[in-house]
Protein chains: 2
Amino acid sequence: MDMVFKALADPGRRILLDRLRSQSGQTLGQLRQHMNQHAPMSRQAVAKHLAILERANLVATLRRGREKLHYLNPVPIHQIGQRWIGKFERGRLDALAELKQTLEGENHG
Amino acid sequence: MDMVFKALADPGRRILLDRLRSQSGQTLGQLRQHMNQHAPMSRQAVAKHLAILERANLVATLRRGREKLHYLNPVPIHQIGQRWIGKFERGRLDALAELKQTLEGENHG
DNA sequence: TTGACATGCAACCATATGGTTGCATAATAT
DNA sequence: ATATTATGCAACCATATGGTTGCATGTCAA
């Protein structure tokens, strides 16, 4: 589990996870292109980040020819909440988050 | 939110959060003593870790005389899951985790 | 085969991180 | 008042981290 937390500690890697959540099965090149709009870096840098995410089991990969497709795995992230938030407490926090979202939505009118 | 992820990246700080979850309102000295059984370090090191957790809003503090009491704040942790796990997906993962826990419980018999 | 494209590996470098020691400040107990 | 206890601040140091460049490997198209 330590690798998961270490992996999530970098803002660039979190952006990569965001991107994989919004669209599954992307290649290194595609992800690199997307990073240009957030934190421009070399292809090798992105590759390193993806390797770290993969070792942490936060992304699963699939080779297709010369391409490597990346997929988000949400399971380790889900386990984080379970560590410090009790079953009882969770309902309370869920309700609170939902309320907050509702109020924010109203303000946008 | 970046501070939250950075704060969670260190194993010692996660142990501190565990300890605060199991018992609220502990002082630096108490927490330091508990760390001896996991990752022994100086008082100043523990103080630094607690400062990082506090700045990340993962622990709230309260001065009482010369003591400083520390409390776990679960809100930022809860927000992590909301970032990459959809409302729909969460139910699925909850059920899966519960099933796993049940099976593990049975194996311990 | 040959050229182009997609990824992999390794060396190198600046800075961030986590630890230490030493001293300072503030509150309690005698 | 003085000693003790609890915490705060700062300098310093070794290693981890995130980035770069350069070259190697593997796959598709002509």
Side-chain angles (χ1 to χ4, degrees), chain A residues 1-20 23-72, chain B residues 1-20 23-72:
Chain A
M1 208 50 184
D2 180 63
M3 311 246 289
V4 175
F5 289 104
K6 288 275 169 59
L8 291 176
D10 184 82
R13 289 196 286 267
R14 293 197 296 273
I15 291 174
L16 288 171
L17 293 180
D18 290 337
R19 184 65 179 157
L20 288 178
Q23 187 180 343
S24 268
Q26 296 193 70
T27 143
L28 167 59
Q30 293 175 297
L31 291 167
R32 192 263 170 115
Q33 193 168 359
H34 184 256
M35 286 304 286
N36 278 333
Q37 303 160 4
H38 298 272
M41 64 182 72
S42 70
R43 176 186 60 78
Q44 288 86 341
V46 179
K48 271 201 204 177
H49 284 307
L50 288 173
I52 289 172
L53 290 170
E54 191 174 352
R55 287 197 8 163
N57 199 32
L58 281 163
V59 314
T61 61
L62 174 64
R63 298 296 309 233
R64 192 183 59 186
R66 64 181 164 181
E67 294 179 328
K68 188 175 184 180
L69 305 180
H70 298 77
Y71 299 84
L72 172 62
Chain B
M1 209 49 183
D2 180 62
M3 310 247 289
V4 174
F5 288 105
K6 288 276 170 58
L8 290 176
D10 183 81
R13 290 195 285 268
R14 294 196 296 273
I15 291 175
L16 287 172
L17 292 181
D18 289 338
R19 184 64 179 157
L20 287 178
Q23 187 180 342
S24 267
Q26 295 193 70
T27 143
L28 166 60
Q30 292 176 300
L31 291 166
R32 193 263 169 114
Q33 192 168 1
H34 184 256
M35 286 304 285
N36 278 332
Q37 303 160 5
H38 299 272
M41 64 183 71
S42 68
R43 176 186 60 79
Q44 288 86 341
V46 180
K48 272 202 204 175
H49 284 308
L50 288 173
I52 289 171
L53 290 169
E54 191 174 352
R55 286 197 11 165
N57 199 32
L58 281 164
V59 312
T61 60
L62 174 62
R63 298 296 308 237
R64 193 184 57 187
R66 64 181 163 184
E67 294 180 324
K68 188 175 185 180
L69 305 180
H70 298 77
Y71 298 84
L72 172 63

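Below, each value reflects all heavy atoms present in this structure, side chains not excepted, and no hydrogens, waters or symmetry copies. Chain A is the first sequence line, chain B the second, and so forth, proteins listed ahead of strands; every chain is numbered from 1.
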Checklist outcome for this item: Of the listed dT7(C), dG8(D), dA6(D), the closest approach to the Arg43(B) side chain comes from dG8(D)

Checklist entry - Does the side chain of Leu17(B) come within less than 4.5 Å of Leu8(B)'s, by heavy atoms? => result yes

Checklist entry - Just to confirm, is there a sub-4.0 Å distance from OP1 or OP2 of dG8(C) to any side-chain nitrogen or oxygen of Arg63(A)? => result yes

Checklist entry - Picking from dT20(C), dG18(D), dA27(C), which would you name as closest to the side chain of His49(A)? => result dG18(D)

Checklist entry - Glu54(B) and Thr61(B): side-chain donor and acceptor closer than 3.5 Å? => result yes

Checklist entry - Less than 4.5 Å apart, any side-chain heavy atom of Gln26(B) and any of His70(B)? => result no

Next on the checklist: Students often get this wrong, so: under 4.0 angstrom with heavy atoms, is Arg13(B) touching a base, only sugar-phosphate, or nothing?
Outcome noted: sugar-phosphate

Next on the checklist: Looking at dG19(C), I'd like to know if its phosphate oxygens (OP1 or OP2) sit under 4.0 Å from a side-chain N or O belonging to Ser42(B).
Outcome noted: no

Item to check | Nucleotide dG18(D), atom C1' - distance to CG of Leu53(A) in whole Å | outcome: 13 Å

Checklist entry - When Val46(B) is tested against each of Met41(B), Gln33(B), Arg13(B) for side-chain contact (heavy atoms from CB on, under 4.5 Å), which residue passes? => result Met41(B)

Item to check | Rounded interatomic separation in angstrom, taking CZ from Phe5(A) and P from dT17(C) | outcome: 18 Å

Checklist entry - Heavy atoms under 4.0 Å, any strand shown: does Lys48(A) hit a base, just sugar-phosphate, or nothing? => result base

Checklist entry - Tell me: NZ of Lys6(B) to P of dG18(C), nearest whole Å? => result 10 Å

Checklist entry - If you take atom types as modelled and just measure distance, does the side chain of Gln44(A) reach the base of dG22(D) with a donor-acceptor pair under 3.5 Å? => result yes

Next on the checklist: Taking the minimum atom-to-atom distance to the side chain of Arg66(B), which one of dC28(D), dA6(D), dG8(D) wins?
Outcome noted: dA6(D)

Next on the checklist: Just to be sure I understand the rule, does Arg64(A) reach a base, reach only the sugar-phosphate, or reach nothing, if contact means heavy atoms closer than 4.0 Å?
Outcome noted: nothing

Next on the checklist: dA6(D), OP1 or OP2 - any side-chain N/O from Thr27(B) closer than 4.0 Å?
Outcome noted: no

